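Below is one structure, written out as C-alpha coordinates, with a few remarks after it.
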Amino acid sequence: MPSIYINIIRAFIISLPGGLIYQSHLISSLLCLEGIILSLFIINTLIVLNIHFILANIIPIILPVFAACEATVGLASLVSISNTYGLGYVHNLNLLQC
Amino acid sequence: MTYVLFTLSVLLVMGFVGFSSKPSPIYGGLALIVSGVVGCMIILNYGGAYLGLVMFLIYLGGMMVVFGYTAAMAIEEYPETWGSGFEVFGCFLVGLMMEVGLVLWVLEFDEVVVVVSLNDMGNWVVFEGEGLELVRGDSIGAGALYDYGRWLVVVAGWTLFVGVYIVIEITRGN
(Lines give C-alpha, C1' and ligand atoms only; values in the text may rest on other atoms or scores of the structure.)
Protein backbone atom coordinates (compact mmCIF):
# COMPACT_ATOMS: atom_id res chain seq x y z
CA MET A 1 0.00 0.00 0.00
CA PRO A 2 1.50 3.36 -0.92
CA SER A 3 2.92 5.36 1.96
CA ILE A 4 1.23 8.61 1.04
CA TYR A 5 -2.06 7.27 2.37
CA ILE A 6 -0.62 7.61 5.88
CA ASN A 7 -0.85 11.38 5.84
CA ILE A 8 -4.19 11.56 4.13
CA ILE A 9 -5.76 9.11 6.58
CA ARG A 10 -4.18 11.16 9.36
CA ALA A 11 -5.88 14.25 7.95
CA PHE A 12 -9.23 12.42 8.14
CA ILE A 13 -8.49 11.23 11.69
CA ILE A 14 -7.62 14.80 12.74
CA SER A 15 -10.78 16.37 11.28
CA LEU A 16 -13.12 13.76 12.72
CA PRO A 17 -12.82 14.72 16.42
CA GLY A 18 -12.71 18.33 15.26
CA GLY A 19 -16.19 17.91 13.88
CA LEU A 20 -17.49 16.12 16.94
CA ILE A 21 -16.14 18.41 19.66
CA TYR A 22 -17.95 21.68 20.08
CA GLN A 23 -16.29 24.93 20.92
CA SER A 24 -18.19 28.18 20.83
CA HIS A 25 -19.12 28.40 17.16
CA LEU A 26 -21.29 25.97 15.24
CA ILE A 27 -19.63 26.89 11.96
CA SER A 28 -16.28 25.50 13.17
CA SER A 29 -17.81 22.02 13.27
CA LEU A 30 -19.20 22.54 9.78
CA LEU A 31 -15.71 23.49 8.61
CA CYS A 32 -14.31 20.26 10.09
CA LEU A 33 -17.07 18.37 8.24
CA GLU A 34 -15.83 19.99 5.04
CA GLY A 35 -12.33 18.87 5.97
CA ILE A 36 -13.54 15.28 6.32
CA ILE A 37 -15.08 15.44 2.89
CA LEU A 38 -11.93 17.01 1.42
CA SER A 39 -9.70 14.24 2.78
CA LEU A 40 -12.13 11.61 1.45
CA PHE A 41 -12.04 13.25 -1.96
CA ILE A 42 -8.24 13.30 -2.02
CA ILE A 43 -7.81 9.67 -1.05
CA ASN A 44 -10.54 8.63 -3.47
CA THR A 45 -8.83 10.47 -6.33
CA LEU A 46 -5.41 9.06 -5.49
CA ILE A 47 -6.66 5.48 -5.37
CA VAL A 48 -8.51 5.83 -8.67
CA LEU A 49 -5.52 7.47 -10.36
CA ASN A 50 -3.15 4.84 -8.97
CA ILE A 51 -4.95 1.75 -10.19
CA HIS A 52 -5.79 3.43 -13.51
CA PHE A 53 -9.43 2.41 -13.32
CA ILE A 54 -10.67 4.95 -15.84
CA LEU A 55 -14.39 4.44 -15.28
CA ALA A 56 -14.09 5.04 -11.56
CA ASN A 57 -13.16 8.68 -12.19
CA ILE A 58 -16.89 9.30 -11.92
CA ILE A 59 -16.71 8.83 -8.15
CA PRO A 60 -14.52 11.89 -7.31
CA ILE A 61 -16.99 14.00 -9.27
CA ILE A 62 -20.17 12.67 -7.69
CA LEU A 63 -18.76 12.84 -4.14
CA PRO A 64 -18.53 16.68 -4.03
CA VAL A 65 -22.07 16.91 -5.44
CA PHE A 66 -23.56 15.22 -2.40
CA ALA A 67 -21.07 16.97 -0.13
CA ALA A 68 -22.36 20.28 -1.41
CA CYS A 69 -25.94 19.28 -0.59
CA GLU A 70 -24.89 18.34 2.93
CA ALA A 71 -22.91 21.55 3.44
CA THR A 72 -25.74 23.75 2.25
CA VAL A 73 -28.25 22.14 4.60
CA GLY A 74 -25.81 22.68 7.49
CA LEU A 75 -25.26 26.28 6.49
CA ALA A 76 -29.00 26.91 6.16
CA SER A 77 -29.61 25.70 9.71
CA LEU A 78 -26.69 27.85 10.88
CA VAL A 79 -28.21 30.88 9.16
CA SER A 80 -31.59 30.27 10.75
CA ILE A 81 -29.94 29.97 14.19
CA SER A 82 -27.99 33.15 13.53
CA ASN A 83 -31.14 34.99 12.48
CA THR A 84 -33.00 33.91 15.59
CA TYR A 85 -30.31 34.52 18.21
CA GLY A 86 -27.93 37.00 16.62
CA LEU A 87 -24.80 34.84 16.84
CA GLY A 88 -24.11 31.27 15.80
CA TYR A 89 -23.07 29.98 19.21
CA VAL A 90 -23.63 26.35 20.10
CA HIS A 91 -25.18 27.11 23.47
CA ASN A 92 -27.99 28.80 21.60
CA LEU A 93 -29.24 25.36 20.61
CA ASN A 94 -31.43 24.84 23.63
CA LEU A 95 -35.10 24.21 23.91
CA LEU A 96 -35.58 25.49 27.45
CA GLN A 97 -38.67 27.56 27.55
CA CYS A 98 -38.78 28.64 31.18
CA MET B 1 12.25 17.75 -5.78
CA THR B 2 12.15 14.02 -5.21
CA TYR B 3 10.38 14.43 -1.90
CA VAL B 4 7.90 17.05 -3.02
CA LEU B 5 4.93 14.71 -2.57
CA PHE B 6 5.97 13.86 0.97
CA THR B 7 6.33 17.56 1.81
CA LEU B 8 2.95 18.37 0.32
CA SER B 9 1.22 15.66 2.33
CA VAL B 10 2.87 16.95 5.52
CA LEU B 11 1.64 20.46 4.67
CA LEU B 12 -1.84 19.00 4.12
CA VAL B 13 -1.92 17.50 7.59
CA MET B 14 -0.64 20.75 9.09
CA GLY B 15 -3.41 22.66 7.37
CA PHE B 16 -5.98 20.20 8.70
CA VAL B 17 -4.58 20.61 12.22
CA GLY B 18 -4.89 24.36 11.69
CA PHE B 19 -8.65 24.36 11.28
CA SER B 20 -9.34 21.36 13.47
CA SER B 21 -7.90 23.16 16.51
CA LYS B 22 -10.96 25.44 16.22
CA PRO B 23 -9.81 29.03 15.97
CA SER B 24 -12.37 31.59 14.90
CA PRO B 25 -14.21 30.48 11.71
CA ILE B 26 -12.48 33.03 9.49
CA TYR B 27 -9.06 31.55 10.27
CA GLY B 28 -10.51 28.07 9.99
CA GLY B 29 -11.75 28.89 6.52
CA LEU B 30 -8.32 30.22 5.60
CA ALA B 31 -6.68 26.97 6.76
CA LEU B 32 -9.23 24.94 4.81
CA ILE B 33 -8.49 26.91 1.65
CA VAL B 34 -4.74 26.32 2.12
CA SER B 35 -5.41 22.60 2.68
CA GLY B 36 -7.52 22.53 -0.47
CA VAL B 37 -4.74 24.11 -2.51
CA VAL B 38 -2.16 21.65 -1.17
CA GLY B 39 -4.52 18.72 -1.83
CA CYS B 40 -5.01 19.91 -5.39
CA MET B 41 -1.23 19.96 -5.87
CA ILE B 42 -1.01 16.38 -4.55
CA ILE B 43 -3.64 15.30 -7.08
CA LEU B 44 -1.77 17.11 -9.84
CA ASN B 45 1.40 15.21 -8.99
CA TYR B 46 -0.41 11.98 -9.81
CA GLY B 47 -1.41 13.17 -13.26
CA GLY B 48 -4.97 14.07 -12.37
CA ALA B 49 -5.14 17.44 -14.06
CA TYR B 50 -8.90 17.41 -14.61
CA LEU B 51 -9.75 16.31 -11.08
CA GLY B 52 -7.44 18.97 -9.62
CA LEU B 53 -9.24 21.58 -11.69
CA VAL B 54 -12.60 20.23 -10.51
CA MET B 55 -11.47 20.64 -6.94
CA PHE B 56 -10.22 24.18 -7.46
CA LEU B 57 -13.29 25.40 -9.29
CA ILE B 58 -16.09 23.67 -7.46
CA TYR B 59 -14.70 23.10 -4.01
CA LEU B 60 -12.62 26.22 -3.44
CA GLY B 61 -14.40 28.52 -5.83
CA GLY B 62 -17.91 27.43 -4.92
CA MET B 63 -18.20 26.02 -1.46
CA MET B 64 -15.49 28.04 0.23
CA VAL B 65 -16.97 31.29 -1.08
CA VAL B 66 -20.30 30.30 0.45
CA PHE B 67 -18.56 29.41 3.70
CA GLY B 68 -16.69 32.70 3.71
CA TYR B 69 -19.85 34.75 3.33
CA THR B 70 -21.67 32.75 5.98
CA ALA B 71 -18.73 33.04 8.39
CA ALA B 72 -18.64 36.79 7.82
CA MET B 73 -22.31 36.88 8.74
CA ALA B 74 -22.20 34.74 11.86
CA ILE B 75 -19.00 36.09 13.43
CA GLU B 76 -18.14 38.26 16.43
CA GLU B 77 -16.05 41.36 16.79
CA TYR B 78 -12.76 39.97 18.12
CA PRO B 79 -12.06 36.63 16.44
CA GLU B 80 -9.69 34.33 18.29
CA THR B 81 -6.67 33.23 16.31
CA TRP B 82 -4.15 30.49 16.93
CA GLY B 83 -2.05 32.57 19.33
CA SER B 84 -4.78 33.94 21.53
CA GLY B 85 -5.77 31.59 24.29
CA PHE B 86 -4.40 28.35 25.58
CA GLU B 87 -6.80 25.75 24.09
CA VAL B 88 -6.44 26.54 20.40
CA PHE B 89 -2.69 26.93 20.60
CA GLY B 90 -2.33 23.73 22.62
CA CYS B 91 -4.34 21.67 20.13
CA PHE B 92 -2.38 23.12 17.23
CA LEU B 93 0.95 22.35 18.93
CA VAL B 94 -0.06 18.75 19.78
CA GLY B 95 -1.09 18.08 16.19
CA LEU B 96 2.14 19.51 14.82
CA MET B 97 4.24 17.46 17.25
CA MET B 98 2.45 14.28 16.17
CA GLU B 99 3.20 15.03 12.54
CA VAL B 100 6.87 15.73 13.31
CA GLY B 101 6.97 12.37 15.09
CA LEU B 102 5.60 10.63 12.00
CA VAL B 103 8.13 12.34 9.74
CA LEU B 104 10.98 11.18 11.98
CA TRP B 105 9.51 7.66 12.06
CA VAL B 106 9.28 7.45 8.28
CA LEU B 107 12.75 8.89 7.76
CA GLU B 108 14.22 6.35 10.18
CA PHE B 109 12.43 3.13 9.36
CA ASP B 110 11.19 3.64 5.77
CA GLU B 111 7.88 1.91 6.53
CA VAL B 112 4.95 2.16 8.91
CA VAL B 113 3.36 -1.08 10.10
CA VAL B 114 0.19 -0.29 12.04
CA VAL B 115 -2.65 -2.52 10.78
CA VAL B 116 -1.44 -2.92 7.23
CA SER B 117 2.13 -2.51 6.14
CA LEU B 118 2.50 0.88 4.43
CA ASN B 119 5.90 0.42 2.87
CA ASP B 120 5.62 1.13 -0.85
CA MET B 121 8.01 4.05 -1.18
CA GLY B 122 7.31 4.31 -4.87
CA ASN B 123 4.63 6.91 -4.33
CA TRP B 124 6.52 9.31 -2.11
CA VAL B 125 8.92 10.04 -4.93
CA VAL B 126 8.22 11.56 -8.31
CA PHE B 127 9.69 9.98 -11.42
CA GLU B 128 11.31 12.84 -13.26
CA GLY B 129 11.29 12.02 -16.92
CA GLU B 130 11.66 14.03 -20.05
CA GLY B 131 9.34 14.64 -22.88
CA LEU B 132 5.70 15.44 -23.17
CA GLU B 133 2.98 13.42 -21.50
CA LEU B 134 -0.67 13.50 -22.30
CA VAL B 135 -2.87 13.37 -19.21
CA ARG B 136 -6.24 12.27 -20.41
CA GLY B 137 -7.40 9.32 -18.36
CA ASP B 138 -9.28 11.25 -15.72
CA SER B 139 -11.15 13.58 -18.04
CA ILE B 140 -12.19 10.66 -20.24
CA GLY B 141 -13.41 8.79 -17.18
CA ALA B 142 -15.35 11.80 -15.98
CA GLY B 143 -16.90 12.08 -19.42
CA ALA B 144 -18.19 8.54 -19.03
CA LEU B 145 -20.51 9.96 -16.36
CA TYR B 146 -22.84 11.11 -19.11
CA ASP B 147 -22.66 7.81 -20.96
CA TYR B 148 -22.65 4.89 -18.49
CA GLY B 149 -23.86 6.98 -15.62
CA ARG B 150 -26.92 8.63 -17.10
CA TRP B 151 -29.16 7.67 -14.23
CA LEU B 152 -26.57 8.92 -11.73
CA VAL B 153 -26.65 12.32 -13.42
CA VAL B 154 -30.44 12.41 -13.11
CA VAL B 155 -30.33 11.39 -9.44
CA ALA B 156 -27.60 13.91 -8.58
CA GLY B 157 -29.39 16.70 -10.41
CA TRP B 158 -32.64 15.94 -8.64
CA THR B 159 -30.80 15.82 -5.30
CA LEU B 160 -29.34 19.27 -5.91
CA PHE B 161 -32.73 20.67 -6.86
CA VAL B 162 -34.38 19.23 -3.75
CA GLY B 163 -31.43 20.55 -1.70
CA VAL B 164 -32.01 24.08 -2.94
CA TYR B 165 -35.70 23.79 -2.09
CA ILE B 166 -34.88 22.49 1.40
CA VAL B 167 -32.51 25.42 1.98
CA ILE B 168 -35.18 27.89 0.96
CA GLU B 169 -37.67 26.28 3.31
CA ILE B 170 -35.21 26.26 6.23
CA THR B 171 -34.18 29.87 5.87
CA ARG B 172 -37.77 30.97 5.50
CA GLY B 173 -38.20 30.03 9.15
CA ASN B 174 -41.81 29.93 10.07
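These values consider heavy atoms only, across backbone and side chains, with no hydrogens, waters or symmetry-generated copies. Letters A, B, ... mirror the listed sequences (proteins, then strands); counts begin at 1. Just so it is clear, the structure is predicted and the values come from calculations on it, not from any experiment.
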Problem set entry | Interface moiety of B:Met98 toward chain A, non-hydrogen atoms closer than 4.5 Å | both

Problem set entry | Distance (rounded to the nearest 0.5 Å) between A:Ile21 CD1 and B:Cys91 SG | 7.5 Å

Problem set entry | Region of A:Ile62 that comes under 4.5 Å of a non-hydrogen atom in chain B | side chain

For this session: Before giving the answer on side-chain contact (heavy atoms from CB on, under 4.5 Å), spell out for A:Leu46 and B:Ile42 the whole-Å C-alpha distance, their side-chain angles and the decisive distance to 0.1 Å.
Result: CA-CA 9 Å; A:Leu46 291 189; B:Ile42 292 177; 3.9 Å; yes

Exercise. Quick one: are A:Ile14 and B:Val13 in side-chain contact, heavy atoms under 4.5 Å?
Worked result: yes

Exercise. With a 4.5 angstrom heavy-atom cut-off, which part of A:Ala71 approaches chain B: side chain, backbone, both or neither?
Worked result: side chain

Exercise. CZ of A:Phe66: more than 12 outside heavy atoms within 6.0 angstrom?
Worked result: yes

Exercise. With chain A, which of B:Val10, B:Leu102, B:Leu152 has the greatest number of heavy-atom pairs at distances under 4.5 Å?
Worked result: B:Leu102

Seminar exercise, completed: Between the CD1 atom in B:Ile170 and the CG atom in A:Leu78, the distance rounded to the nearest 0.5 Å is 11.0 Å

Exercise. Any side-chain heavy atom of A:Glu34 sitting closer than 4.5 Å to one from B:Tyr59?
Worked result: yes

Problem set entry | Proximal component of B:Glu99, with respect to chain A [non-hydrogen, under 4.5 Å] | both

For this session: Please look at A:Leu31 and chain B and tell me whether the side chain, the backbone, both or neither of the residue comes under 4.5 angstrom of a heavy atom of that chain.
Result: both

Exercise. A:Leu55 and B:Ala144: which non-hydrogen atoms are nearest, and at how many Å?
Worked result: CD1-CB, 3.6 Å

Seminar exercise, completed: To the nearest 0.5 Å, atom CG of A:Asn83 lies from atom CZ of B:Arg172 at 14.5 Å

Problem set entry | Closest contact, heavy atoms only, A:Cys32 versus B:Lys22 | SG-CE, 3.9 Å

Exercise. Taking all atoms of both residues into account, what is the closest heavy-atom pair of A:Asn57 and B:Ala142, and its distance?
Worked result: CB-N, 3.9 Å

Exercise. With only heavy atoms counted, which part of B:Phe19 is less than 4.5 Å from chain A, the side chain, the backbone, both or neither?
Worked result: both

Exercise. Measuring from A:Thr45:OG1 to B:Leu51:CG, what's the distance to the nearest 0.5 Å?
Worked result: 5.5 Å

Problem set entry | Shortest non-hydrogen contact from A:Val73 toward B:Ile166 | CG2-CG2, 4.2 Å

Problem set entry | Shared hydrophobic cluster, B:Leu32 / B:Val66 (ILVMFWY, side-chain heavy atoms < 4.5 Å) | yes

Exercise. How many angstroms lie between CD1 in B:Ile43 and CD1 in A:Ile43, if you round to the nearest 0.5 Å?
Worked result: 11.5 Å

Problem set entry | Top of B:Thr159, B:Val54, B:Val162 for chain A proximity - count of heavy-atom pairs under 4.5 angstrom | B:Thr159

Exercise. Between A:Ser39, A:Gly19, A:Ser77, which shows the greatest number of heavy-atom pairs under 4.5 Å with chain B?
Worked result: A:Ser39

For this session: Output, in order, the C-alpha distance, side-chain angles, deciding distance and verdict of side-chain contact (heavy atoms from CB on, under 4.5 Å) for A:Leu38 and B:Ser35.
Result: CA-CA 9 Å; A:Leu38 175 66; B:Ser35 303; 4.2 Å; yes

Seminar exercise, completed: So, the part of A:Phe41 with a heavy atom under 4.5 Å from chain B: the answer is side chain

Exercise. Is there a path of hydrophobic side-chain contacts, each under 4.5 Å between heavy atoms of I, L, V, M, F, W or Y residues, that connects B:Ile33 with B:Ile58?
Worked result: yes

Problem set entry | Side chains of A:Pro60 and B:Met55 in contact at under 4.5 Å (non-hydrogen atoms) | no

Problem set entry | Side-chain heavy atoms of A:Ile61 within contact of B:Tyr50, under 4.5 Å | yes

Exercise. For A:Ser15 and B:Phe16, which heavy atoms make the closest approach, and how far apart are they?
Worked result: OG-CD2, 2.8 Å

Seminar exercise, completed: Whatever's closer than 4.5 Å to a heavy atom in chain A on B:Leu12 counts as side chain

Exercise. Does A:Ile4 reach the side chain of B:Tyr46, with side-chain heavy atoms less than 4.5 Å apart?
Worked result: yes

For this session: Give the cluster check for B:Met64 versus B:Leu11: same hydrophobic cluster or not, with ILVMFWY residues linked at side-chain heavy-atom distances below 4.5 Å.
Result: yes

Exercise. With the 4.5 Å side-chain cut-off for hydrophobic clustering, are B:Leu53 and A:Val48 part of the same group?
Worked result: no

Problem set entry | Gap between atom OG of B:Ser20 and atom CD1 of A:Ile36 - 0.5 Å precision | 8.5 Å

Exercise. By a 4.5 Å heavy-atom criterion (distance strictly below it), what part of A:Ser80 contacts chain B: side chain, backbone, both, or neither?
Worked result: side chain

Exercise. If you tally heavy-atom pairs under 4.5 Å against chain B, which of A:Leu75, A:Thr72, A:Ile59 wins?
Worked result: A:Leu75

For this session: Treat each ILVMFWY residue as a node, draw an edge where side-chain heavy atoms are under 4.5 Å apart, and state whether B:Val103 and B:Met14 are in one component.
Result: yes

